[in-house]
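These notes are about the structure you will find just below.
The analysis underlying the following values was restricted to heavy atoms, covering all of them including side chains, and did not include hydrogens, waters or symmetry mates.
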Amino acid sequence: MTENTADRWHSGFMRLSGLVTLAYWIEYFSSGKVRTETNRSYVEFENAFPLADGYMAALFLTTAHLLHEKRAEAVPVGIAAGSAMTYLAGMDILYNLEHGKYKKMTPEMAWEALMNGFCVIFGPLTMLRLWRARNRLDR
């Protein structure tokens, strides 16, 4: 796969990550169907995430555009996006482990587990891939 093709795929996944994150929160606050529980502690925990997730989504959408344009600014913005994703996934995974949530695999929890797995792979992959691209992007 050429670097251009890999960049297009990476940009696409970054766009998808940003848009899925935004769609999740729209669904969370409008219908609540993505919620894995309704108890107070879970809702309070989840309600702490929208601002940070919005920051991460904005970074991914911005990085996707910058990488598509072959701009060097994609490197620091993308590393920030990947780092935010990795950090937020760590918070979510630890909460789920501490509360035994992976043991109750409802459809909502299966989606959450899938997203957790994606985040712990895609966040570090984004940081690594963009760091390696730092010398080939336009300055």
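In this structure, the side chains of Thr21 and Trp25 come closer than 4.5 Å at one or more pairs of heavy atoms. Contact of the Glu108 side chain with the Glu37 side chain is not registered, since no non-hydrogen atoms from C-beta on lie closer than 4.5 Å. With contacts defined as side-chain heavy-atom distances shorter than 4.5 Å, the pair Lys104/Met109 does not qualify. Side-chain contact between Leu16 and Phe60 is absent, with no heavy atoms from C-beta onward closer than 4.5 Å. Looking at Tyr102 and Asn116, their side chains come closer than 4.5 Å, going by heavy atoms from C-beta outward. Counting heavy atoms from C-beta on, the side chains of Lys70 and Asp7 come closer than 4.5 Å. Between Met14 and Leu59, every side-chain heavy-atom pair lies at or beyond the 4.5 Å cut-off.
The closest side-chain donor-acceptor pair between Asn39 and Ser41 falls under 3.5 angstrom. Side chain to side chain, His10 and Arg129 meet the donor-acceptor criterion of an N or O pair below 3.5 Å. Between the side chains of Ser83 and Thr86, no donor N or O sits under 3.5 Å from an acceptor N or O.
No side-chain donor-acceptor contact under 3.5 Å links Arg35 to the backbone of Gly32. One N or O on the side chain of Asn96 and one on the backbone of Asp92 form a donor-acceptor pair closer than 3.5 Å. Side-chain N or O atoms of Thr63 include one that pairs as donor or acceptor with a backbone N or O of Gly78 at under 3.5 Å.
Placement of Met56 and Tyr95 within a single hydrophobic cluster is found when ILVMFWY residues are connected by side-chain heavy-atom separations under 4.5 Å, directly or transitively. Following chains of ILVMFWY side-chain contacts shorter than 4.5 Å, one cannot reach Leu51 starting from Phe49, and the two form parts of different hydrophobic clusters. Residue Val75 is not grouped with residue Tyr55 when hydrophobic side chains (ILVMFWY) are merged at heavy-atom distances under 4.5 angstrom, including chains of intermediate members. One hydrophobic cluster holds both Leu114 and Leu125 under the rule that ILVMFWY side chains link at heavy-atom gaps under 4.5 Å. Side-chain heavy atoms closer than 4.5 Å link hydrophobic residues (I, L, V, M, F, W, Y) into clusters, and following such links, even through other members, never connects Ile79 to Leu61.
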ask   = Given His68 and Arg15, is the side chain to side chain contact (heavy atoms under 4.5 Å, CB included) satisfied, shown in steps?
value = CA-CA 11 Å; His68 179 75; Arg15 280 188 187 93; 3.9 Å; yes
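Around atom NE2 of His99, more than 12 heavy atoms belonging to other residues, nucleotides or ligands sit under 6.0 Å away. Summarising the local packing, OH of Tyr87 is surrounded by 12 or fewer heavy atoms from other residues, nucleotides or ligands at distances under 6.0 Å.
Taking the ring centre of Tyr42 as origin, the terminal cationic atom of Lys101 falls inside the region bounded by 6.0 Å and 45° from the ring axis.
Across every non-hydrogen atom of Leu137 and Ala74, the tightest pair is CD1-CB, 4.3 Å.
Under the 30°/60° scheme for interplanar angles, the aromatic rings of Tyr24 and Tyr28 are found to lie parallel. The aromatic rings of Phe13 and Phe122 sit tilted relative to each other, their planes meeting at an angle between 30° and 60°.
To the nearest 0.5 Å, atom CD of residue Glu73 and atom CG of residue Leu67 are 11.5 Å apart.
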